[in-house]
Each structure stands twice: as C-alpha cells, then as structure tokens.
Amino acid sequence: NAGVMQNPRHLVRRRGQEARLRCSPMKGHSHVYWYRQLPEEGLKFMVYLQKENIIDESGMPKERFSAEFPKEGPSILRIQQVVRGDSAAYFCASSPGRSETQYFGPGTRLLVL
Amino acid sequence: EDQVTQSPEALRLQEGESSSLNCSYTVSGLRGLFWYRQDPGKGPEFLFTLYSAGEEKEKERLKATLTKKESFLHITAPKPEDSATYLCAVRSGANSKLTFGKGITLSVRP
C-alpha cells in the first residue's frame with residue numbers, strides 16, 4: 001500500500017520562474033492538504049482540497065500561489081514568479097475523510113536561486 | 001487562533017534515560033491532538049491521536065497523555081533510533097487543518 005507520493009523531491013528554480021509541485025494521495029484518500037515548512041519554523045497549513053474543490057485556502061499567500069486537485073491525476077501546488085523567500089520544504093498530506101488522521105508525504109524541497 | 005508550544009526545543013538523553021516532551025495548546029474546541037515523528041529530510045510520520053482529557057495511548061517505548069491544557073509524550077528507556085524531531089499538532093472547531101508546534105529535537109546517545 002503506497003503512501004503519499006510527492007514529486008519532485010528536490011526542485012531548483014531561479015527567481016521569476018514557476019514551480020509545480022505534485023502530490024498523489026494514499027489509495028482511497030480523497031482529501032489533500034498542503035503545508036510549508038520554513039527553516040527553524042513549524043509546519044504551516046496552506047490549503048485543503050477535495051477532488052475538484054478547494055475547501056479551505058486560508059493559509060495560502062494571496063498572490064502567486066494556487067492549488068488544484070483535479071478529478072483525475074495528482075494535486076498540484078503552483079508557485080508563479082518564485083522569490084527567494086519561497087525556498088522551503090512543501091509537504092502534502094492526505095486523509096480518507098474530512099476529520100480523519102492526515103498522513104504525510106516525503107516533501108518537496110524547493111530552492112530558489 | 002489556535003496556538004501550540006512545545007518544550008524544550010531540544011533534548012539530549014543517554015540511552016535508557018527516560019524523559020517527557022511537553023506540548024501546551026490553546027484552542028477553541030479541541031477536536032484532536034496529534035503527535036508525529038519527523039526524521040531529517042523526511043515527512044512527518046503519524047504516531048498518535050488523542051481526543052479528550054485523560055486519554056492515553058502507547059506504542060513501544062512511547063506513551064502519549066492529554067490534559068485540558070497540554071499533552072506529554074513519555075519516552076521510556078529510549079534507544080538511539082528514537083532520535084528524531086517530535087511534532088505536536090491540534091485540530092479545532094470546524095477546521096480540518098492542523099496547527100503545529102515547532103517541534104522538539106530529541107537526540108539519544110548510545
């Protein structure tokens with residue numbers, strides 16, 4: 001039973017480029033969450049999605065960040081025009097239901113040069 | 001706004017030296033307190049969920065307890081492989097998101 005899968009594991013971008021982070025939830029899970037972990041800080045919630053719907057995006061920066069979870073395929077977190085401050089580890093979690101335990105993927109480490 | 005504070009920030013133990021990690025929280029309507037373990041370069045690994053004061057859960061050398069204001073993760077006779085960062089998180093009200101503390105980095109010397 002594969003766990004939550006994220007790719008790429010490491011991503012290097014230059015300032016102004018776009019970053020696309022992918023997350024495939026555990027089998028049978030239809031709820032996906034994205035968190036960001038900055039150096040020396042705790043994990044911070046960004047967005048919560050169900051298939052084709054954004055349920056809670058209260059932690060998403062207002063500009064340059066977007067997320068989707070299409071009917072088919074992985075969830076994608078997209079960061080446009082990246083800046084150095086976007087360098088962080090981005091984790092995806094999934095759960096089978098809204099109020100159930102969240103299981104995390106290995107993360108994508110984004111470095112912006 | 002939910003708040004989670006973990007202490008100490010770092011803890012160094014000798015193998016076999018039992019200790020406790022603290023997680024203090026402030027929430028409006030707790031709907032779950034979660035403990036995760038995170039190894040360097042990896043994602044958080046789920047350990048326990050606690051829902052109400054007085055609840056306890058155990059797994060190998062770990063035991064988690066919960067009161068109305070804090071949770072403890074007790075580590076009995078730790079081994080070097082228990083070295084990791086331990087994360088505490090809460091879920092409250094109608095939210096599905098987790099609010100995390102900054103974590104406690106545990107180092108167990110052989």
Side-chain angles (χ1 to χ4, degrees), chain A residues 2-10 21 23-26 29-50 53-60 67 69 88-111, chain B residues 1-10 21-52 55 57 59 64 66 71 84-105:
Chain A
V4 178
M5 300 176 69
Q6 291 187 248
N7 66 80
R9 295 291 307 277
H10 300 274
L21 288 60
C23 169
S24 296
M26 288 178 70
H29 289 195
S30 59
H31 299 248
V32 165
Y33 313 80
W34 286 92
Y35 293 82
R36 177 165 63 175
Q37 189 172 41
L38 293 164
E40 307 304 322
E41 293 190 22
L43 282 156
K44 302 291 187 186
F45 169 78
M46 299 181 74
V47 63
Y48 162 39
L49 311 102
Q50 271 187 278
N53 289 303
I54 296 174
I55 308 300
D56 180 357
E57 56 182 348
S58 60
M60 284 279 270
F69 189 15
Y90 292 82
F91 292 96
C92 168
S94 73
S95 67
R98 185 184 179 105
S99 300
E100 298 186 56
T101 298
Q102 296 178 22
Y103 295 89
F104 283 79
T108 294
R109 279 143 189 88
L110 173 65
L111 175 62
Chain B
E1 185 177 327
D2 299 345
Q3 291 189 335
V4 178
T5 303
Q6 293 188 249
S7 62
E9 288 186 12
L21 313 181
N22 176 264
C23 171
S24 299
Y25 64 90
T26 304
V27 299
S28 177
L30 181 71
R31 286 180 48 240
L33 184 139
F34 303 81
W35 282 97
Y36 288 84
R37 168 190 170 131
Q38 186 174 24
D39 292 296
K42 297 190 176 181
E45 175 189 346
F46 172 71
L47 293 174
F48 304 109
T49 307
L50 302 167
Y51 291 103
S52 56
E55 189 175 358
K57 287 193 177 173
K59 180 181 177 180
L66 181 65
S71 176
T85 297
Y86 290 86
L87 305 174
C88 173
V90 296
R91 182 166 60 205
S92 68
N95 295 320
S96 291
K97 66 181 181 182
L98 298 179
T99 299
F100 280 86
K102 290 187 177 182
I104 297 171
T105 301

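In what follows, every chain begins at residue 1, and chains take the letters A, B, ... in the order their sequences are listed.
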Closest-packed option against chain B by number of heavy-atom pairs under 4.5 Å, given A:Gln37, A:Glu41, A:Met46: A:Gln37

A:Ser58 versus chain B, the contacting section by heavy-atom distance below 4.5 Å: side chain

A:Glu100 portion near chain B, given a 4.5 angstrom heavy-atom threshold: backbone

For B:Gln38 against A:Phe91, the heavy-atom pair lying closest together: NE2-CZ, 3.4 Å

Got a list of side-chain donor-acceptor pairs under 3.5 Å for residues 96-103 of chain B, not counting sequence neighbours?
{"unit_1": "B:Ser96", "atom_1": "OG", "unit_2": "A:Arg98", "atom_2": "O", "d": "3.3"}
{"unit_1": "B:Ser96", "atom_1": "OG", "unit_2": "A:Arg98", "atom_2": "NE", "d": "3.3"}

Closest non-hydrogen atom pair, A:Gln102 against B:Arg91: NE2-NH1, 4.2 Å

CE (A:Met5) with more than 12 external heavy atoms under 6.0 Å: no

Contact origin within B:Gln6 toward chain A - heavy atom pairs under 4.5 Å: neither

